[in-house]
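Quick note: numbers below take in every heavy atom, side chains included, and nothing from hydrogens, waters or symmetry partners. Each chain gets a letter, A, B and so on, in the order its sequence line appears, and its residues count up from 1.
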There are 2 protein chains.
Amino acid sequence: MASSGFRHDVFEAIADPTRRKILHLLAEREMSIAAITECFSLSRTAVNKHLQFLSDAGLVISQKAGRETRYQLQPEPLVELKLWLAFFEHYWDEKLSALKKFIESDQND
Amino acid sequence: MASSGFRHDVFEAIADPTRRKILHLLAEREMSIAAITECFSLSRTAVNKHLQFLSDAGLVISQKAGRETRYQLQPEPLVELKLWLAFFEHYWDEKLSALKKFIESDQND
DNA sequence: AACTTATGACACCTTCTGGTGTCATATTAA
DNA sequence: TTAATATGACACCAGAAGGTGTCATAAGTT
């Protein structure tokens with residue numbers, strides 16, 4: 001599956017608002033660590049740690065380009081989140097359909 | 001919107017596997033703290049803390065029933081997660097990635 | 001009344017998080 | 001060559017997370 005060998009999973013990765021913002025930035029375009037850091041009022045070290053965390057979760061990949069390290073979004077692990085949510089959507093559907101049936105039968109009477 | 005006044009948000013709440021399991025349990029049926037605790041090899045105190053955390057995030061509500069405190073799932077805050085994911089699904093759509101196909105085939109099953 | 005059950009409220013402990021700063025090194029620019 | 005840039009690798013720190021246990025109390029049971 002997607003979560004083998006990683007110290008951190010997707011659920012932990014997206015728990016932090018800074019990391020969520022980084023993912024949004026990387027969705028737009030690939031960026032260097034310095035460029036990402038400029039979007040926050042945080043030290044480069046802090047941003048780097050978040051990038052390591054995201055990399056651990058498989059949500060980003062890094063690639064050296066000269067003296068820069070460019071980061072890129074890797075959205076695949078979000079599927080796990082999607083599937084997890086799907087379970088509860090199913091739960092909602094059941095509750096809603098029960099309500100819908102009740103309303104419909106009420107209208108039919 | 002949904003996240004005003006809460007110390008913890010949905011993203012933090014679902015970051016822990018124990019809390020995710022609790023949500024799954026409560027999706028099936030409303031349960032007392034003791035009943036939930038029996039499903040884990042954890043102390044009641046630990047489980048209670050997780051329930052407080054989930055309550056803080058608005059994902060569960062408690063209700064006294066005699067000497068028991070029964071907990072119930074409150075799935076509405078998960079909508080925030082759904083919307084967040086939707087952003088990346090849109091991104092995937094634009095990129096026409098293979099991931100989109102995977103998700104769609106999963107939904108069709 | 002005496003006992004058991006279900007919780008709430010604490011105090012305490014260890015590890016992880018999220019942040020800082022400094023120093024060394026590789027790469028590009030002057 | 002020298003200077004500036006971009007990053008990696010540490011050490012360090014305060015506070016939160018996730019766990020434990022104990023004690024007090026409210027609510028059923030016998």
Please give, in whole Å, the distance from [N] [atom2] to [X] [atom1]?
{"X": "Asp16(A)", "N": "dA17(D)", "atom1": "CG", "atom2": "P", "value": "12 Å"}
{"X": "Ile14(A)", "N": "dT17(C)", "atom1": "CD1", "atom2": "P", "value": "15 Å"}
{"X": "Arg20(A)", "N": "dG18(C)", "atom1": "CZ", "atom2": "C1'", "value": "15 Å"}
{"X": "Asp56(B)", "N": "dA16(D)", "atom1": "CG", "atom2": "C1'", "value": "13 Å"}
{"X": "Lys21(A)", "N": "dG18(C)", "atom1": "NZ", "atom2": "P", "value": "16 Å"}
{"X": "Arg7(B)", "N": "dA17(D)", "atom1": "CZ", "atom2": "C1'", "value": "13 Å"}

Most 5' of Glu12(A) and Ile33(B) on DNA chain C, judged by nearest nucleotide: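 Its nucleotide being nearer the 5' end, the pick is Ile33(B).
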
Quick check: on DNA chain C, is the nucleotide nearest Ala35(B) upstream (toward 5') of the one nearest Ala65(A), or the reverse? Name the residue that is more 5'.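 Result of the comparison: Ala35(B).
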
Given Leu51(A), which partner from the list Asp56(A), Ile22(A), Thr37(A) fulfils the side chain to side chain contact (heavy atoms under 4.5 Å, CB included) test?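 Result for side chain to side chain contact (heavy atoms under 4.5 Å, CB included) with Leu51(A): Ile22(A).
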
For DNA chain C, which residues in residues 38-53 of chain B have a heavy atom at a distance below 4.0 Å?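 Those residues whose heavy atoms fall under 4.0 Å from DNA chain C, taken from residues 38-53 of chain B in numerical order, are Arg44(B), Thr45(B), Asn48(B).
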
Side chains of Leu81(A) and Ile14(B): does their closest heavy-atom pair fall under 4.5 Å?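 Of all side-chain heavy-atom pairs linking Ile14(B) with Leu81(A), at least one is under 4.5 Å.
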
Are any of the side-chain heavy atoms of Phe11(A) and Glu80(A) separated by less than 4.5 Å?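 Side-chain contact under 4.5 Å: yes.
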
Is there a side-chain polar atom (N or O) of Arg67(B) under 4.0 Å from OP1 or OP2 of dG8(C)?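 False: Arg67(B) side-chain N/O out of range (4.0 Å or more) of dG8(C) OP1/OP2.
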
Side-chain N,O (His8(A)) to OP1/OP2 (dT17(C)) below 4.0 Å: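 Yes, within the criterion.
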
Polar side-chain atom of Arg20(B) near backbone of Ala15(B) as donor-acceptor pair, under 3.5 Å: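 A pair under 3.5 Å: yes.
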
Ala65(A) backbone acceptor or donor facing Glu68(A) side chain under 3.5 Å: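 Not a single qualifying donor-acceptor pair exists.
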
May I ask you to say what Arg19(B) touches in the nucleic acid, namely base, sugar-phosphate or nothing, with a heavy-atom cut-off under 4.0 Å?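 Here Arg19(B) touches the backbone only, sparing every base.
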
Is the shortest distance from a Lys or Arg side-chain nitrogen in Asp16(A) or Lys21(A) to a carboxylate oxygen in the other one below 4.0 Å?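 Salt bridge: no.
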
Taking all non-hydrogen atoms of both residues into account, name the closest pair between Ala57(A) and Ala13(A) and its distance.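 The pair with the smallest heavy-atom distance is CB-CB, 3.8 Å.
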
